[in-house]
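As structure tokens, the structure follows; a few thoughts come after it.
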Amino acid sequence: MAPSVLQNGGFVLGLLGSSALIAATAMSKWSVKDRQGALLTSVYTYKGLWQDCETTSAGLTECRPLYGLLGFSGSFQAVRALMIVGVVLGVLSTLLSIFSLQCLTMNSMADSTKGKMSLTAGIMFITAGVCGIAGASIYANQIVSTFQMSANNNYNNNYGGGGGFGGQYGGGMGGGGMGMGAGIQTYTFGPALFVAWIGGGVLLIGGILKCLAFRGMVKDEKPRYPGVVYKPQSHTKGQDHHSEAAKDYV
């Protein structure tokens, strides 16, 4: 496959993946309240990285911003950091990919320079994809562990410690103090998790294509100055005859 095709394909996939990571980071539905078996479904609760929200059946939405760093667990802060790093790397690598495209000629940039830029953008795409997938996976792992703990408590029919469990979940996943008095609230995967997973996977594929494009560009390029070999100038018979005649004249 031609390097230009790989470059263009990696650029398009990287752009889509970066957009998906940005959207997932800004979304408020990283986890949504599990309403299976709930008696009251008039309030819809969902959580994000930056705010917790509640929507009533009347369509009224109230959100509580999640400010500060000290009130949250280390895993929640790690998810935030990974998503921010993934977004920053995705945006920078997208800009770098634009300048490394072979279809764009700016200031007669050499193919080797564009190849190095393409490789750098590919590595950044891969790193951004790994950050997005890791951040979403850590958040999902917290949801699964909390859901399992809640299921065990429901089997025991003991809701006396519901407040402490809710506080643990809230500190780990960004708040969650809304509506805890009625019992234990369980949450399930929100759409933002799937957007982050898909965006990270697309970034990985785009980064691999950019790296393969660099390999093709280096393979096609030939060195312009392979080396200079000194060869002594050979004398012809005519030159030898004239030199001997000059010696006799002297």
Side-chain angles (χ1 to χ4, degrees), residues 6-32 46-53 61 63-101 104 114 116-144 171-176 187-214:
L6 294 174
Q7 254 198 344
N8 296 332
F11 168 71
V12 173
L13 292 179
L15 180 62
L16 294 176
S18 300
S19 302
L21 280 191
I22 295 174
T25 305
M27 290 175 66
S28 299
K29 294 184 179 180
W30 278 68
S31 60
V32 297
Y46 48 93
K47 301 173 180 293
L49 298 180
W50 315 107
Q51 61 182 1
D52 294 344
C53 299
T61 301
C63 295
R64 180 170 63 91
L66 304 177
Y67 296 129
L69 297 174
L70 301 178
F72 310 111
S73 66
S75 59
F76 182 71
Q77 295 179 10
V79 172
R80 278 181 166 182
L82 286 171
M83 295 306 298
I84 292 175
V85 171
V87 169
V88 172
L89 289 178
V91 172
L92 293 179
S93 55
T94 301
L95 295 177
L96 189 61
S97 297
I98 296 176
F99 294 103
S100 65
L101 293 176
L104 297 179
K114 287 189 175 183
K116 293 178 182 178
M117 294 174 63
S118 178
L119 178 62
T120 304
I123 295 174
M124 293 173 66
F125 275 144
I126 294 175
T127 306
V130 171
C131 289
I133 294 175
S137 299
I138 293 174
Y139 198 98
N141 182 56
Q142 295 293 324
I143 295 176
V144 171
M173 304 309 294
Y187 291 81
T188 184
F189 294 170
L193 286 176
F194 300 99
V195 174
W197 277 324
I198 294 174
V202 172
L203 279 172
L204 285 177
I205 299 175
I208 293 173
L209 292 181
K210 297 288 288 184
C211 294
L212 292 177
F214 164 76

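The two residues Gly190 and Val32 come nearest to each other via the heavy atoms CA-CG1, 4.3 Å. Contact record, Val195 with Ala24: CG1-CB, 3.9 Å, taken as the closest heavy-atom pair. Considering every non-hydrogen atom in both Leu204 and Ile126, the closest pair reads CD2-O, 3.5 Å. For the pair Thr25 and Leu49, the tightest heavy-atom approach, listed with the atom from each and the gap, is O-CD1, 4.3 Å. Counting all heavy atoms, side chain and backbone alike, Ala196 lies closest to Leu21 at O-CD2, 4.0 Å. Across every non-hydrogen atom of Ile205 and Leu13, the tightest pair is CG2-CD1, 3.6 Å.
Of the N and O atoms on the side chains of Trp197 and Ser137, at least one donor lies less than 3.5 Å from an acceptor on the other residue.
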*Which is it for Leu82 and Tyr139 under the side-chain contact (heavy atoms from CB on, under 4.5 Å) test, yes or no, and what are the steps along the way?*
CA-CA 11 Å; Leu82 286 171; Tyr139 198 98; over 6 Å; no

*asked:* Go through it in stages, so that I can follow the logic: the residues are Val91 and Ile22, the test is side-chain contact (heavy atoms from CB on, under 4.5 Å), and I'd like the CA-CA distance, side-chain angles, deciding distance and then a yes or no.
replied: CA-CA 9 Å; Val91 172; Ile22 295 174; 4.0 Å; yes

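Partners of Ser19 under the side-chain hydrogen bond (donor to acceptor under 3.5 Å, both in side chains) rule, at least two apart in sequence or in another chain, do not exist in this structure. Legend: residues meeting side chain to side chain contact (heavy atoms under 4.5 Å, CB included) with Leu89, ordered by chain and number and at least two apart, are Val85, Met124, Thr127, Ala128.
The distance from atom CD of Gln7 to atom OG of Ser97, rounded to the nearest 0.5 Å, is 8.0 Å. Distance check, rounded to the nearest 0.5 Å: NZ of Lys116 to CG of Leu96 gives 13.5 Å. Rounded to the nearest 0.5 angstrom, Met27 CE and Leu193 CG are separated by 9.0 Å. Taking OG1 of Thr94 as the reference point, atom CG of Leu16 lies at 9.5 Å (rounded to 0.5 Å). Rounding to the nearest 0.5 Å gives a distance of 10.0 Å between OG of Ser93 and CZ of Phe11. We find the CD1-CD1 distance between Ile138 and Ile143 to be 12.5 Å, quoted to the nearest 0.5 Å.
Of the possible polar contacts, one joining the Ser18 side chain to the Gly90 backbone as a donor-acceptor pair under 3.5 Å is found. Side-chain atoms of Ser118 come within 3.5 Å of backbone N or O of Lys210 as a donor-acceptor pair. Although no hydrogens or angles enter the test, the distance criterion places no donor-acceptor pair under 3.5 Å between the side chain of Gln51 and the main chain of Ser28. In this structure, the side chain of Trp30 does not engage the main chain of Ala136 through any donor-acceptor pair within 3.5 Å.
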